[in-house]
Each structure stands twice: as C-alpha cells, then as structure tokens.
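Here is how names work: the chains are called A, B, and so on, in the same order as the sequence lines, proteins then strands, and each is numbered from 1. In what follows, every heavy atom counts, from backbone to side chain, and hydrogens, waters and symmetry copies are set aside.
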Amino acid sequence: MSRMTIGHDDIPFFDEEPEHAAPRRPAPAPGMGGGIAARAMAARDNSRRPDYLAGLNPEQAEAVETLDGPVLVLAGAGTGKTRVLTTRIAHILSTNRAFPSQILAVTFTNKAAREMKERIALLVGGAVEGMPWLGTFHSIGVKLLRRHSELVGLSSSFTILDTDDVVRLIKQLIQAEGLDDKRWPAKQFAGMIDTWKNKGLGPADIPEGDSRAFANGKGRELYAAYQNRLKTLNACDFGDLLLHPINMFRQNPDILKDYHQRFRYILVDEYQDTNTAQYMWLRLLAQRPKGELQNVCCVGDDDQSIYGWRGAEVDNILRFEKDFPGAKVIKLERNYRSTEHILGAAAHLIAHNEGRLGKTLFTDRSDPNDIKVQVHASWDSEEEARAIGEEIEQLQRSDSSGVRHNLNDMAILVRASFQMREFEDRFVTLGLNYRVVGGPRFYERLEIRDAMAYFRLVCQPADDLAFERIINTPKRGLGDTTVRALHDYARVRDIPMLAAAADIIETDEMKPKPRKALFDVVQSFRRWQGLLENTPHTELAEQILEESGYTDMWKNDKSAEAPGRLENLKELIRSMDSFESMRGFLEHVALVMDAEQNEDLDAVSIMTLHSAKGLEFDTVFLPGWEEGLFPHQRSLDESGRAGLEEERRLAYVGLTRAKRRCHIWFVSNRRIHGLWQSTIPSRFLDELPETHVEVAEMEQSYGGYGRGGYGQSRFDKADPFANSYSTPGWKRAQANKTDATRDNWGSRSGHAVERIGYGESGPKTRTIDGELVAKSTSTEPSRFSIGDRVFHIKFGNGNVSEIEGNKLTIDFDRAGQKRVLDGFVERV
DNA sequence: GTAATAAATTTTTTT
DNA sequence: AATTTATTAC
C-alpha cells in the first residue's frame with residue numbers, strides 16, 4: 001500500500017486496497033487538509049456545491065452527477081468532453097463512492113490517458129498514481145494479462161510484438177509453408193489478422209471466404225500457425241492484448257465476477273472509435289447480473305468517428321441504449337472552442353453526411369473581428385509550403401490587430417504523412433521551429449530497435465525475433481546459413497534459438513569460425529542475464545551496448561547519420577532512468593511508442609488529421625484539399641460512400657480543431673511517387689457555406705486560365721461563390737473522374753501526362769492544360785523532331801525520343817524518361 | 001559472407 | 001524521389 005504526499009495535502013491513495021472493500025462513507029478521516037476528504041464533506045453538504053462543479057453548464061453537470069446507471073454522453077467537438085470525464089472521476093472520488101483503483105477509465109490514446117491523469121490530479125489535488133486502471137484498451141489489456149497470463153497459455157514475462165516483428169514472423173511462416181512470399185505478401189496477411197482480431201475472431205471463427213482468400217486457401221491454417229508460434233515465443237501482438245482478455249473472461253466466469261466487483265465505475269472515452277473486440281471486452285466487464293447497477297459512462301461523438309479502417313464501429317454508439325436499457329443520454333452542444341465562422345463552416349460540411357445522430361453545435365461568442373475560414377490556392381505543393389510558411393511568420397510578427405502569436409498556437413494538419421516533408425523542408429530553410437507530432441517515432445529508429453532487441457533478449461531469452469535481429473549486428477560472421485541452421489535446430493527440439501545456440505556450440509555441427517562467434521554471444525548473454533537482478537538497469541543497458549560492440553559499430557561508421565544514432569542511444573539510456581526496471585521500460589516502449597516532446601520550445605505543430613483529434617489550436621492550416629488526396633482515393637475505392645463520409649468527418653475534425661483562425665489550402669499540382677500530377681480541388685471545398693468562408697486572394701500562379709475541360713469546381717472560377725450551392729461541384733468531379741482523377745491516382749493505367757509549363761505571356765503565367773487540350777491540338781505537325789535537345793522548367797535538359805502529336809517523350813538527364821506536352825519545353 | 005549495385009515498390013489514417 | 005529488397009561481384 002502506498003501513501004503519497006503532495007504539497008500540503010495529505011491524501012491517502014490506495015494502490016491495492018483489500019480486494020473488494022467499499023470505501024467507507026463518510027470519508028476516511030486522516031489528514032483533513034484541503035484534500036479529498038474535505039471536499040467530500042462539502043459535497044455531502046447540499047448547501048454548498050463543491051467548487052469543481054462550479055462553472056459546468058447544466059448538461060455537463062448532469063453528465064458528471066448522474067453516477068448511478070448507464071450514461072451516454074454525446075459530446076460534440078469542443079464541448080468540454082474531457083472536462084466532463086475528469087470531473088466525473090473527481091466527483092466519484094470526492095464523494096467516496098469508490099477508491100481510485102475501483103474505477104476503470106479507458107481512453108483511446110496514451111496521450112489522452114496522460115492528460116486525463118494530469119487533469120484529475122489538478123481537480124483532486126494530488127498525484128493519481130492510485131488510478132491504476134486509467135489507460136488505453138491495450139495498456140489495460142496488458143495489465144490484465146500479466147496477472148492472468150497462465151490462463152491463456154503465456155508466462156507473465158511475455159513480450160509485445162510490434163508490427164515489424166509480426167511481419168517478419170509471418171514471412172517466416174509463409175516460407176515454412178512452402179508458399180511464395182511474393183505472391184502472398186506477409187504485410188497483407190498481417191493486415192488480415194489485424195482485421196480479424198479487431199472483430200474478435202480467432203482462427204476458428206473467421207469466415208470461410210476470408211480463409212480462402214489467402215495462401216491458396218490456407219488462410220485459416222496460417223492464422224492458427226501464427227497463433228501457435230506466438231505462444232511458443234511467449235509473445236502477443238496488439239490484437240491479442242484485446243482478444244486474450246476476452247477469451248480469459250469468457251472461460252473463467254469467476255475471474256470476470258471478480259472484476260465486476262472491483263470496477264464500481266466504468267468510463268470510456270471516444271466511444272465512437274471502439275471496434276468490435278473492444279466492444280465485446282467492454283460489455284463483458286460492464287454488463288452485470290440483473291438487479292445490479294451498471295455504472296458505465298461512455299462519451300463519444302459520431303461525427304468524429306475516423307477509425308472505421310481500423311475496425312471501429314460507429315454502431316456501438318447507436319446501440320448503447322439497447323445494450324444498457326434505461327441509459328440516460330446527454331447531449332453536449334455548447335461549444336467553447338471555436339468562432340461562429342468555424343463552427344458554421346464545420347456544421348455545413350458535416351451536414352452532407354447521412355446517418356448522423358444529429359447534434360448542432362452552438363456558441364454565444366460573436367465577435368465582428370472574427371475572421372471567416374480562408375481558402376487559398378497554390379500552384380504546387382512547394383508553393384503551398386512557402387505560402388503557409390509566410391502566413392505563419394506574418395502571424396508570428398503580428399496579426400491584423402497587431403497581436404503577436406506563439407508558434408505553439410498554430411498547427412498544420414495533413415491528410416497523409418508524406419505531406420509533412422515539404423513543410424519540414426521549408427521550415428528548415430526558414431529557420432522556423434516546428435514539431436512533428438506522431439511522425440517518425442523515436443522508438444522506431446533502427447538503432448533504437450536494435451538496442452531494444454538486446455534488452456528484450458536479456459529479459460526474455462525466448463524472444464527469437466529479437467535474437468534474429470541482433471545475432472549478426474554488429475557483424476560477427478553469423479550470416480544466413482548459420483541463422484537458418486540455428487533456426488532448424490531450435491525448431492526440431494522446440495527450444496528458443498538462444499538456447500539452441502548454447503547447445504550447438506557444445507557439438508561440432510558448426511565450423512570453427514561461426515562456432516567461436518556464437519560461443520562469445522552466448523557467453524555475453526549469460527553474463528548479462530546474471531546481472532539483470534542486481535545491477536541498476538541503466539548501467540546494465542550501457543554495459544550491454546558497450547560489450548556487444550554495438551556502440552563501437554556506430555563509432556566506426558563514417559556515414560553522416562552515425563553521430564546522431566549514438567546520440568539517440570544515449571537518449572535511450574537516459575529515458576530508461578525514470579523506470580523501475582528494464583522490464584518496465586520495455587513494456588512502456590511497446591505500448592507508448594512516442595517519446596516525450598519538448599514542451600518549452602515554441603514551435604508549429606505538424607501532424608496528421610488523425611493524430612490531431614482531441615487537440616485544439618488558435619490557428620489551424622489544412623493543406624492538400626484536393627480530390628484523391630482528401631478525400632483520399634483509396635478510401636473512396638475501398639469503402640465507397642461510407643469511405644467518403646469518414647473522410648468528411650475527418651475534414652470536420654480538422655476544421656473544429658481551430659479556435660480562431662482556419663486556413664484551407666489546395667494546389668493544382670502535386671507530386672505523387674515522384675511524378676507531377678495535376679489535381680482538382682476537393683469536393684469538400686464546395687460543401688463549405690458562403691457565409692462563413694472567404695476565398696483569399698488567388699495567387700497569380702494558380703492556373704485558373706486556359707484549363708479547358710476542367711471546370712469541376714467553383715474554385716476554378718474567378719468568383720468561386722458566384723454560382724448556386726445546390727449543384728455540388730463534386731458531382732461534376734465524379735462525372736469527370738474517368739478523365740482526370742482516375743488517371744492521376746488510380747496508378748494502374750499507364751503513363752502520366754506532364755502538364756506543367758510556360759504560358760504565352762511569360763514565366764509568371766504558367767498554365768495547366770489537360771488531356772482534352774492535348775488531343776484537340778494533336779493534329780498539327782510537331783515543331784520538334786526526334787533527337788532534339790530541349791529544356792523543361794521542372795526537369796531540366798533532355799533529348800526528345802518519341803513524338804506523338806503534341807506529346808513528347810523525353811529522356812531527361814536528371815529526371816529520366818517523361819511524357820510532356822510540347823508547349824512546356826523549348827529547344828536549347 | 002559481405003559489400004556494392006540494380007530493381008522494385010511505395011503513400012492513408014494507429015493502438 | 002526515396003527507401004527497401006534482390007542480385008551480382010568479390
């Protein structure tokens with residue numbers, strides 16, 4: 001039992017109180033400072049509402065105070081959802097209805113969990129170390145599994161595999177089955193397994209069709225083999241962290257009953273994003289025998305459901321009242337975040353979706369100085385980055401009313417992570433601070449993963465994946481042949497590879513060289529394992545990296561990134577400091593893939609729309625609103641109308657992140673797979689209301705002229721808002737999809753036609769031309785001939801190798817072979 | 001077994 | 001365009 005003293009308050013927190021004890025009411029007496037106890041007394045006294053309840057609006061207060069029975073809170077963007085959740089927990093604690101450890105609170109991201117802990121701590125006035133069951137589905141799943149691992153056939157030291165490990169493992173299995181790993185990509189099968197697990201399906205439960213669709217109909221066998229392999233490796237993948245607890249609860253009703261008694265209150269954040277497995281998990285824990293109260297509170301917003309591709313079922317939120325009869329449904333519609341214009345734009349956009357529960361956000365704020373949502377156009381993605389950079393610098397100096405803005409209050413939210421790069425490049429040259437949130441992650445770096453593999457293998461000798469990763473890193477002369485031999489040896493005897501290595505060096509199956517190398521490795525690991533219990537883990541970690549020759553490997557590496565990698569390794573050791581043991585650290589890394597950000601730095605945030613959910617910024621930039629990118633073509637192809645609606649919700653999430661200023665951008669040319677493609681404005685732009693949106697001065701370089709055949713969007717016209725809104729531009733866009741969008745994004749059909757070049761009136765008026773223009777002028781004899789030396793503004797010099805009407809095939813010196821319209825090149 | 005070179009593949013979103 | 005993977009030469 002731990003006792004925590006923070007500041008002046010002396011609050012007892014119970015880590016593990018006697019199993020199902022109910023907190024005594026009235027409050028436990030010790031140290032009646034100004035802490036929980038005192039507040040609880042105040043709470044009991046009806047004449048004075050505790051101060052944490054003050055300032056809530058009536059709906060919020062109802063959501064906080066309705067503690068008995070099921071509650072569904074439909075909370076629109078910016079309506080104080082997190083505040084309700086945290087205050088509700090504080091309320092439960094203050095009124096002594098439960099100990100911290102008797103509250104199960106599930107969030108979607110680790111970030112959200114962290115934030116919630118902080119905010120509860122603020123409300124309750126102490127650290128919340130005593131809330132052991134606040135976390136993501138996955139981290140709570142791990143906690144359950146560590147306690148009961150033997151029930152699902154694992155030992156409590158099991159490892160959690162990341163996607164990379166999983167793919168490598170599956171690849172091995174596919175090869176072991178004698179299948180062609182090219183025809184049956186491991187990555188694809190990993191995706192299928194993930195989908196199945198998200199639906200709560202084990203190998204026996206998957207549909208026959210799914211099974212037939214992979215590996216010559218051996219999908220089911222392969223899935224079963226995979227699960228078997230995980231068991232021998234004593235490992236779990238992400239899906240197992242949900243599936244195993246479900247199976248465990250189903251097979252052991254007594255244990256489930258135990259947790260029923262433990263968890264007096266259950267809270268779930270982002271309920272619209274729960275998938276079937278999470279839903280099953282939750283229902284097992286939340287649905288109680290008849291007569292017992294089901295104190296479950298789910299908070300969500302159907303308009304912000306953006307994880308359908310990960311198996312999320314919006315239906316879960318619609319089904320809540322059926323699952324929990326007598327549930328109270330509370331809508332939060334008062335928005336505290338954004339201006340009227342931003343809310344108006346977002347509302348009008350999301351209204352294009354069908355099948356919504358229908359909330360209308362409103363605000364009292366009405367400031368004539370509020371600016372409308374701005375739509376900007378740029379020629380290409382480089383210019384887009386430049387323009388946004390300028391806008392940011394402008395705001396940094398001072399906005400229209402002379403106010404200076406912090407970079408911390410600005411964010412760029414992109415649809416796909418490849419968009420980030422151009423901004424990074426630009427900001428580096430500008431010397432503008434930026435921060436990539438959720439981008440390439442610290443723990444995914446090569447050197448970090450290598451180091452982690454060493455640590456994993458020391459902590460868990462059965463971790464064959466870790467073994468294979470580092471056995472020849474640094475180079476020890478233990479290549480494919482040796483590893484394969486070890487692999488076979490281990491398989492035959494059903495032992496881990498490290499143990500196999502220990503065995504095999506006693507025999508003379510190996511040639512002397514690899515045998516000696518293997519001997520050294522085995523010796524080292526034996527030594528490190530011996531040190532595990534009695535050496536401080538940071539010291540041991542350093543020792544491992546030193547003695548294994550891993551740090552030397554990078555010290556001897558002359559490449560440019562080597563010093564950075566060494567720095568990262570030092571950072572890794574430093575970050576281990578705050579953990580109790582090496583095992584604890586490994587677990588943290590497996591679940592929390594992001595390293596802490598430097599909060600002190602004033603920097604613009606760059607992130608995907610998905611990772612922006614739940615955040616807010618004064619100024620938000622939304623680049624890349626073009627058909628094919630946003631909405632993403634793949635989403636449209638794979639999920640049709642549902643996909644489009646999810647993309648629209650994503651746009652809604654983007655808009656509603658903004659408090660005061662929102663800038664949307666689209667470009668007419670974007671580079672995809674290294675090829676320049678001309679693009680058309682997103683249909684979502686046409687779904688924004690005129691009253692709240694304003695088109696920023698069209699940059700001259702945006703080719704609005706001479707675009708024969710491409711009148712899809714009102715943003716092609718001089719006055720984009722001139723025509724009626726009843727004819728959404730996207731219908732025309734769809735009609736034209738075969739001409740334009742397909743070719744640009746579908747990637748299956750042939751070549752791309754280059755559409756960049758000079759217009760007649762000089763360098764400033766570049767124009768875009770399309771296929772139609774190309775065809776109409778193709779009858780004229782070309783002014784070029786094969787072998788001509790030509791210059792192109794984007795690709796530089798090259799030789800004409802083929803002529804087809806006015807389309808030239810040119811072998812560029814630097815850019816390779818491209819097809820280009822003859823208007824865009826000139827003879828040198 | 002290793003290092004250099006050529007070819008293929010990629011980019012939607014994440015616990 | 002850039003990164004991962006396969007092939008080839010040493």
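Separation of the C1' atoms belonging to B:dT11 and C:dA6 is 22 Å when rounded to the nearest angstrom.
Nucleic acid contact for A:Phe137: none, since no nucleic acid atom lies under 4.0 Å from a heavy atom of the residue. Within 4.0 Å (heavy atoms only), A:Glu638 reaches at least one base atom of the nucleic acid. Within the 4.0 angstrom heavy-atom criterion, no nucleotide atom of any strand lies near A:Ser139.
Here A:Arg168 pairs with A:Asp165 under the salt bridge (charged side-chain N to carboxylate O under 4.0 Å, His left out) rule; sequence neighbours left out.
Checking B:dG1, B:dT2, B:dT15 against the side-chain heavy atoms of A:Phe238 singles out B:dT15 as nearest. Comparing atom distances between the A:Arg415 side chain and each of B:dA3, B:dT15, B:dT13 picks out B:dT13 as nearest. Among B:dT13, B:dG1, B:dT15, the nucleotide with an atom closest to any side-chain atom of A:Thr136 is B:dT15. Listed candidates were B:dT11, B:dT15, B:dT14. Nearest to the side chain of A:His673 is B:dT11. Proximity note for A:Lys187 (side chain, C-beta onward) versus B:dT2, B:dT14, B:dT11: the nearest is B:dT11. With distances taken from any side-chain atom of A:Trp309 to the nucleotides B:dT14, B:dT2, C:dA1, the minimum falls on B:dT14. The A:Phe418 side chain lies nearest to B:dT11 when the options are C:dA1, B:dT14, B:dT11.
Taking 4.0 angstrom as the limit, A:Thr109 places none of its side-chain polar atoms (N or O) nearer than this to OP1 or OP2 of B:dT14. Listed pair A:Asn198 / B:dT15 fails the phosphate criterion, with no side-chain N or O lying under 4.0 Å from OP1 or OP2. For B:dT14, the OP1/OP2 oxygens have no side-chain nitrogen or oxygen of A:Thr163 closer than 4.0 Å. Of the side-chain N and O atoms in A:Ser611, none sit less than 4.0 angstrom from OP1 or OP2 of B:dT13.
Computed from coordinates, the A:Lys613 NZ to B:dT15 P distance equals 11 Å when rounded to whole Å. To the nearest angstrom, C1' of B:dT11 lies 15 Å from CD of A:Glu626. Taking atom CE of A:Met607 as the reference point, atom P of B:dT13 lies 15 Å away to the nearest angstrom. Put simply, CZ on A:Arg648 is 18 Å from C1' on B:dT13, counting in whole angstrom units. Rounded to whole angstrom, the span from the CZ atom of A:Arg114 across to the C1' atom of B:dT15 amounts to 13 Å. The CD1-P distance, from A:Ile306 to B:dT15, rounds to 11 Å in whole Å. In this structure, A:Arg670 places its CZ atom 17 Å from C1' of B:dT10, rounding to the nearest Å. For the pair A:Glu422 CD and C:dA2 C1', the interatomic distance rounds to 14 Å; values are reported in whole Å.
Side chain of A:Thr679 to backbone of A:Val667: a donor-acceptor contact under 3.5 angstrom is found.
Using the six-membered ring where Trp is involved, A:Tyr223 and A:Trp196 have ring planes that are parallel, under 30° apart on the 30 and 60° scheme.
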Under the salt bridge (Lys or Arg N to Asp or Glu O under 4.0 Å) rule, what do A:Asp488 and A:Arg484 come out as? Steps first, then yes or no, please.
CA-CA 6 Å; A:Asp488 294 344; A:Arg484 197 158 306 142; over 6 Å; no
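The six-membered or imidazole ring of A:Trp309 lies near that of A:His610, with a centre-to-centre distance under 6.0 Å.
With hydrogens and angles left out, the side-chain atoms of A:Thr473 and A:Asp450 include no donor and acceptor closer than 3.5 Å. For the residue pair A:Glu270 and A:Gln272, a side-chain donor N or O sits within less than 3.5 Å of a side-chain acceptor on the partner. When only modelled atom types and interatomic distance are considered, A:Gln304 and A:Tyr652 share no side-chain donor-acceptor pair under 3.5 Å.
Nearest heavy atom pair, residue A:Met510 against residue A:Ile504, reads CE-CD1, 3.9 Å.
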Every protein N/O lying under 3.5 Å from an N/O of nucleotides 3-10 of chain C:
none

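Comparing A:Ala416 and A:Lys475, the nucleotide of DNA chain B nearest to each residue sits closer to the 5' end for A:Lys475. DNA chain B is contacted by both A:Thr608 and A:Asn472; A:Asn472 maps to the nucleotide lying nearer its 5′ end (nearest heavy atom per residue).
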